[in-house]
There are 2 protein chains.
Amino acid sequence: MVKERVTVIDIAHAAGVSKSTVSLVLQGSSLVNEATRAKVNAAIRDLGYVYNRGAANLRQAKSKIIGIVVNDLTNSFFAELAVGVDAVVQSAGFVQFLANTGEKIERQREVVASMREHGVSGLIVSPARGTEVADLAPLVDSGIPVVLVVRDIAGADVSSLISDNHAGAMAAVRHLIERGHQRIAFLGGFPDTAVFEARMRGYRDALIETGIAGSDALIIGSAPSRAGGVTAVEQAMMLADRPTAALCFNDAVAFGVCDGLRARRLEPGADFAVIGFDDVIEAKTAVPALTTVSVDPQGMGQRAAELLLKQIKAGKAEPEAIVSSVRLVVRQSCGAAVERKREVLA
Amino acid sequence: MVKERVTVIDIAHAAGVSKSTVSLVLQGSSLVNEATRAKVNAAIRDLGYVYNRGAANLRQAKSKIIGIVVNDLTNSFFAELAVGVDAVVQSAGFVQFLANTGEKIERQREVVASMREHGVSGLIVSPARGTEVADLAPLVDSGIPVVLVVRDIAGADVSSLISDNHAGAMAAVRHLIERGHQRIAFLGGFPDTAVFEARMRGYRDALIETGIAGSDALIIGSAPSRAGGVTAVEQAMMLADRPTAALCFNDAVAFGVCDGLRARRLEPGADFAVIGFDDVIEAKTAVPALTTVSVDPQGMGQRAAELLLKQIKAGKAEPEAIVSSVRLVVRQSCGAAVERKREVLA
DNA sequence: TGACGAAATTGGAACGTTCCAATTATGAAA
DNA sequence: TTTCATAATTGGAACGTTCCAATTTCGTCA
């Protein structure tokens with residue numbers, strides 16, 4: 001069972017043509033006669049030929065590979081992002097190299113280097129916390145198109161696609177204020193990230209706009225995870241002047257906040273309003289259904305991939321900074337349903 | 001800014017040695033003198049050389065790529081599986097091609113073909129529903145090591161790593177019976193899959209073993225998702241003789257079941273016992289914390305990767321069928337905490 | 001029949017690396 | 001000094017494809 005690799009030369013022999021003709025058939029050229037094309041295809045089938053993309057890439061100095069590196073695949077937001085990318089990338093005939101950095105700069109350096117060595121023709125990156133412009137420099141001046149998603153890096157000369165965190169947070173807080181809340185907390189997330197910064201500013205600006213006095217005590221950072229949400233809400237409820245509502249850094253935190261609330265015998269939605277951020281797939285089916293700022297991770301992945309593909313095709317593309325708009329999806333966790341019921345009864 | 005590719009020849013010139021020597025340095029050969037090694041490395045750094053793995057693969061007829069294809073990356077079980085694979089694969093100096101089939105056979109065919117063309121040296125596959133032996137045949141007889149994870153394919157001549165679904169389900173149901181439950185449902189999952197089959201048999205066998213009369217009405221299939229769990233429990237609660245406990249097909253279903261229960265003003269854990277399967281990352285922090293059969297997806301990914309790597313190294317490896325043992329993690333959703341409290345009080 | 005343009009086919013070089021066999025440098029022993 | 005083993009280095013072929021320029025085949029028209 002020693003498998004000799006079948007090459008174009010083998011099938012050229014079998015079909016009685018030259019290797020050049022076989023190559024032409026392989027790339028679907030219209031130059032080749034119908035009859036010979038059929039012969040060649042038959043030989044390909046018979047010998048079980050497998051195209052060697054590596055050899056082709058070597059000759060053409062370009063690959064059909066795009067890389068995607070995310071900072072936490074365990075977070076379903078990023079998993080969905082990857083799925084979105086995959087969908088468009090596949091149907092464009094590319095294949096996806098996916099790597100997970102687990103938020104580690106060192107790992108990120110390694111995987112990016114590895115992708116370069118494999119000759120990816122473009123890269124979609126959700127950078128790990130603490131990534132600097134210098135980390136991307138080698139990439140950009142070797143001319144590989146890069147699209148940053150989710151997190152931007154100030155000063156980096158590459159395209160980016162981030163959601164409108166500021167506007168989303170404002171919309172959420174305005175909604176809470178309209179429902180009569182005054183003590184509104186901002187819970188979860190690492191304060192040293194750009195995303196936190198943007199969402200928190202949106203939160204603040206909405207408060208200022210309506211003349212509500214905020215307080216730094218109501219801004220409580222934590223890991224951007226479910227567990228982080230639990231601890232953040234616990235801390236919030238220890239405050240002398242307790243909040244009655246919270247905008248959470250993301251949906252994972254929001255779920256944690258709901259958990260923490262229930263642990264204190266408070267029903268999220270009824271006794272305390274919770275709004276998340278991202279609209280992950282579980283947000284809709286959770287109980288209570290989570291009111292959240294919809295970011296559509298899968299759609300973002302698709303748009304990022306399309307942007308990247310465009311740049312690859314263009315050869316040399318101007319960096320483009322897209323901020324993807326965002327909308328508040330009102331469900332039950334902010335008390336909307338309850339309010340509505342009350343209105344009907346009144 | 002026209003970037004000429006820097007090759008070994010360029011750095012050979014710069015360092016005043018031959019390309020062969022450069023190649024030797026690149027692969028860390030001990031044959032080369034310390035001084036020249038230093039010179040070469042300096043040149044590599046100065047010229048910004050990037051190793052061309054494609055060219056190397058072509059010459060060596062082997063790559064450092066392993067492929068992983070999963071059927072649903074959106075499900076965090078598989079995302080974690082991929083993370084586990086990634087971890088060991090990376091540290092073995094390989095890189096991971098990840099593709100998502102979204103449970104579509106056609107897509108699976110495409111991605112597997114694509115991976116072959118890219119010369120992956122091994123493949124980890126969680127096959128889409130309905131995958132047949134024939135789908136894997138071309139792979140196995142071209143000698144590419146394949147490891148099936150999560151789902152097995154009867155008659156396929158490849159290694160597999162699946163969890164002990166039967167034993168896990170039995171343990172869960174026994175636990176429920178010990179707590180005094182008699183009407184136990186099996187909720188969620190597609191009945192035409194091997195995994196469903198195995199878990200359901202475990203459920204049945206535990207019932208039989210203890211002489212409890214089961215009923216097919218208590219076995220309710222659904223999509224293996226949170227939404228599926230909601231509908232399954234709704235259906236279960238319409239039964240004349242309602243169950244008081246349920247083993248769920250997986251954790252996603254279990255969460256859905258909890259949601260559905262709460263929608264009927266029943267508290268999971270207190271009013272109705274719920275056990276999941278998989279032990280995804282959220283199971284621990286959910287409220288109530290989910291009692292579940294721990295499968296450790298990340299660990300499974302690691303073991304699968306190790307198995308694959310072993311086979312790649314061995315060149316020609318015997319198919320190995322590993323069933324990975326599994327343990328019941330008792331948390332709150334099955335009422336354990338409540339029971340314990342009661343015992344203490346008594 | 002010859003000529004001609006279009007259609008189809010072809011051989012060889014090239015892509016960037018590794019491997020092999022061969023060569024040269026080095027140093028110790030005679 | 002010569003000799004020899006060992007350490008370092010090296011040129012060229014090879015991997016499987018695509019591209020280019022060149023060639024052959026074909027049908028049509030004069």
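Lettering follows sequence order; numbering is per chain, from 1.
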> How is B:T7 classified with respect to the nucleic acid when contacts are heavy atoms under 4.0 Å: base, sugar-phosphate, or nothing?
sugar-phosphate

> Specify the closest pair of heavy atoms between B:A82 and A:L73, including all atoms of both residues, with the distance to one decimal.
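Reported closest heavy-atom pair: CB-CD2, 4.2 Å.
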
> With side-chain contact (heavy atoms from CB on, under 4.5 Å) as the criterion, how do A:Q96 and B:N100 come out once you've worked through the C-alpha distance, each side chain's angles and the decisive distance to 0.1 Å?
CA-CA 10 Å; A:Q96 184 195 45; B:N100 181 224; over 6 Å; no

> Output, in order, the C-alpha distance, side-chain angles, deciding distance and verdict of side-chain contact (heavy atoms from CB on, under 4.5 Å) for B:N52 and A:L58.
CA-CA 9 Å; B:N52 185 333; A:L58 178 56; 4.1 Å; yes

> Does any residue of residues 11-20 of chain B have a heavy atom under 4.0 Å from DNA chain C, and if so, which ones, in number order?
B:K19, B:S20

> Considering non-hydrogen atoms only, spot the tightest contact between B:V133 and B:A156 and give its length.
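Smallest heavy-atom distance, with atoms named: CG1-CA, 3.7 Å.
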
> For A:V295 and A:M300: C-alpha separation, side-chain torsions, deciding distance, then whether side-chain contact (heavy atoms from CB on, under 4.5 Å) applies.
CA-CA 8 Å; A:V295 166; A:M300 249 182 114; 3.6 Å; yes

> Is there a side-chain contact between A:F97 and A:V111 in this structure, where contact means two heavy atoms from C-beta onward sitting under 4.5 Å apart?
no

> Can you find a pair of side-chain heavy atoms, one from B:I66 and one from B:V85, that are under 4.5 Å apart?
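Of all side-chain heavy-atom pairs linking B:V85 with B:I66, at least one is under 4.5 Å.
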
> With side chains defined as the heavy atoms from C-beta onward, is the minimum distance between B:Q311 and B:L307 less than 4.5 Å?
yes

> End-to-end bend of the helix from C:dT1-D:dA30 to C:dA30-D:dT1 (five-pair axes, 10° rounding)?
60°

> For atom CG of B:N33, decide whether the heavy atoms of other residues, nucleotides or ligands shown that lie under 6.0 angstrom number more than 12.
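For B:N33, atom CG is crowded (more than 12 foreign heavy atoms under 6.0 Å).
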
> I need the minimum non-hydrogen distance between A:R129 and A:R151, along with the two atoms involved.
N-NH1, 3.4 Å

> Nucleotide range of DNA chain C contacted by chain A, 5' to 3', under 4.0 Å to a heavy atom?
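Contacts span C:dA8 to C:dG16, reading 5' to 3'.
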
> Below 4.5 Å, heavy atoms only, C-beta onward: do A:R116 and A:P138 meet side chain to side chain?
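In contact.
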
> Which pairs count as ring pair (Phe, Tyr, Trp, His ring centres under 6.0 Å) when at least one residue sits in residues 4-60 of chain B, sequence neighbours excluded?
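Passing the test, one end in residues 4-60 of chain B: no pairs.
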
> Tell me which residues in residues 35-49 of chain B lie within less than 4.0 Å of DNA chain D, going by non-hydrogen atoms.
B:T36

> Give me the residues of residues 54-67 of chain A where at least one heavy atom lies under 4.0 Å from an atom of DNA chain C, by number, or none.
A:L58, A:R59

> Is there side-chain contact between B:V125 and B:T131, with heavy atoms separated by less than 4.5 Å?
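Answer no - side chains too far apart.
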
> Hey, are B:E306 and B:R303 close enough for a salt bridge, meaning a charged N less than 4.0 Å from a carboxylate O?
no

> Surrounding CD of B:Q60 (heavy atoms of other residues, nucleotides or ligands, distance under 6.0 Å), is the total greater than 12?
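More than 12 within 6.0 Å, yes.
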
